[in-house]
Every structure is written in C-alpha cells, then in structure tokens.
Amino acid sequence: MHKHIKNILFALFALLTMQGFACADILEFAQVSDIHYTLNNTEIERNLHFLSLSFRKNYPDFVVFLGDNIDKSNEENIIGFMRSIHSIRQPYYLTFGERDAHTLGGLEKETYLDVVSTFNKEQDSGKNFYYFKPNKDFICVVLDNTPDFAPSKHGEISEEQLVWLEKLLIKYPKRMFIIFQHNPLFPPREEYKLSLLNSEKYKQLLHKYNNILLVSAGHYHQNLIQTDEKGIRHINAPAFKDTPHSYQSIRIEYDSNSYLSPKNVKITVKNVKV
C-alpha cells in the first residue's frame, strides 16, 4: 500500500516537473548597432571577426543589425560589410540607419538591399520594412524610419508602414511582437524628443494592442532600457564601433499558454564584449 502511494506521488511530481519545463519557453537573440563599417579598416574587420566567434560560442536564435551598419553610403562599403559578417551561422537581419543608404551618398536603398540579399538569403524580400518568424510564438518586425534622400538625425515611420504594421498586428493577434528600428521612440535624453517626427501617432498604435513586448533601436550610441506605461520595453543598444565593442544579448522567458501582457514576460538584457 505504501509502495503504491509512493508511486503515485512520484508520478505526480514527474508530471508537474514536465509541465514546468513545458512552460519555460525561451527566445534569445543578439542585436548589434552602429558599426559604422569602413572598407579596409583592419580594426573593424578584426572586431567583426570576434563578433562572429562570440555568436558561435553563445549561439543566439538570430541576430539583428540595428542600422548605421556602414559609415558612408556607397556600394563598396556595404559589399565589404556583408563579406565581413558572412561567416555568421545564425539567421541575421538588417535595418537601415541614416548613414546606410541615401540618394545624396550615391547608394539607393534598392541597391543596398540587392547587395544584402545576394549575401544573405534570410533577407531576400528586397523591402526596406518586413517581418520574420523566429518561432511559433513571435513575429519580429523590422521598420525603416530613415530618410531616402539624405542623412538626418530625425527619423519618421511612414504612413505606409504604420498601416502595414497594424494589419500585421490584426492578422497575428496571438503572436508576441518584437520591433526593430534605428531611431528610438523614446530617446535617451529630453533634448532629443523630436528625434522621431511622428512619435505620438506611432506610440498610439503600439499602445492600441496588447501583444507588443519590446522595441529595439540604436542611433544614440547609448545603452538604455526604458519601460512605458503599457509595459513595453524600449531598448537602446550601444554602438559597436565604440570601446568596449559590445552587442546586446536579449533573453525572453515566457509562457505561451498564459500570456497576458508585456508586463508578465521576463526580459533580460546583457551587454557582451567581443
């Protein structure tokens, strides 16, 4: 009799343990911002090599480059940059920074994207804004808030992108969303409050829905995490070009069966030096 009870208790414990593991869902990714790559710069080449080695050691699910990937907008720089990161084994994606591609520099966004898709088959849509699915629970959105003609400190998300984003949120109401862009919605200092020209309209859209976890950006070369009243994390990444040449590793722990809001998801941000 005692043995029978013991077996039942053991079975219950095993079942609860298995359920606990089933609920421990994790998504972990890396984001790198403001590399400012210049062709034939040996220091940058070396740092990008160590970056790739770091990914092999830590192995994130995917990698996102948050813009200003190259320092001057020309085709030679983007070809050199893509060659330098081509050894990355994880899926990786790029967003535009104001330095990357603009008419004034001689490199149109369409040409930039052609080069990127030649090296990176994960990003072959040829679009300056797009989304991808890292697993069954998430939609990752990459937006372009940089001007087409000339570089500018100010960003703006076009009406076309806002409409597209809302349609996506409606289409996937049970997925959690992560948004990547170059200019942040919440800048690190008050004097930069006009950094994103249509910030209020964008914020209203984000707060209209309950399944947006975080918005990642670069631009200001500052490491900063802010949480808005909705519980959405706004994460600013440091500049990889600056000492100590680091990127951010972001770990999301969640239960896909009991998601309520961004506030009940654990997000850990760690700076990783290469």
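Position 1 is the first residue of the sequence, and the numbers go up from there.
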K.L.:
Test side chain to side chain donor-acceptor pair (under 3.5 Å) on Tyr247 and Ser33 and set out the steps.
P.N.:
CA-CA 7 Å; Tyr247 66 91; Ser33 189; over 6 Å; no
K.L.:
Please examine the side chains of Tyr209 and Ile170, heavy atoms only from C-beta on, and report whether any two atoms are closer than 4.5 Å.
P.N.:
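Yes. Closest side-chain heavy atoms under 4.5 Å.
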K.L.:
Is it true that, when you exclude His86 itself, more than 12 heavy atoms of the residues, nucleotides or ligands shown sit nearer than 6.0 Å to its NE2?
P.N.:
no
K.L.:
In terms of side-chain heavy atoms, does Glu75 have a donor or acceptor partner in Tyr112 at a distance below 3.5 Å?
P.N.:
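Result is no, nothing qualifies.
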K.L.:
Should Lys203 and Glu229 count as an ion pair when the cut-off is N to O under 4.0 Å?
P.N.:
yes
K.L.:
Can you confirm whether the side chains of Glu98 and Thr146 place a donor and an acceptor under 3.5 Å from each other?
P.N.:
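There is no such pair (donor and acceptor under 3.5 Å, judged by atom type) between the side chains of Glu98 and Thr146.
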K.L.:
Any luck finding a side-chain donor-acceptor pair between Tyr130 and Gln123 under 3.5 Å?
P.N.:
yes
K.L.:
Is it the case that over 12 heavy atoms from other parts of the model lie below 6.0 angstrom from the CZ atom of Arg56?
P.N.:
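Yes, CZ of Arg56 has more than 12 neighbouring heavy atoms, counting only those of other groups under 6.0 Å.
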K.L.:
More than 12 foreign heavy atoms under 6.0 Å from NZ of Lys230: is that the case here?
P.N.:
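Yes, NZ of Lys230 has more than 12 neighbouring heavy atoms, counting only those of other groups under 6.0 Å.
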K.L.:
Do we get Lys109 above Phe96's six-membered ring, with its NZ or CZ under 6.0 Å from the centre and within 45° of the axis?
P.N.:
yes
K.L.:
With respect to Ser158, which candidate in Gln161, Glu160, Glu156 satisfies the side chain to side chain donor-acceptor pair (under 3.5 Å) definition?
P.N.:
Gln161
K.L.:
Taking the six-membered ring for Trp, are Tyr254 and Tyr259 ring centroids under 6.0 Å apart?
P.N.:
no
K.L.:
Which atom pair, heavy atoms only, marks the closest approach of Ala217 to His182?
P.N.:
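For Ala217 versus His182, the nearest heavy atoms are CB-O, 3.4 Å.
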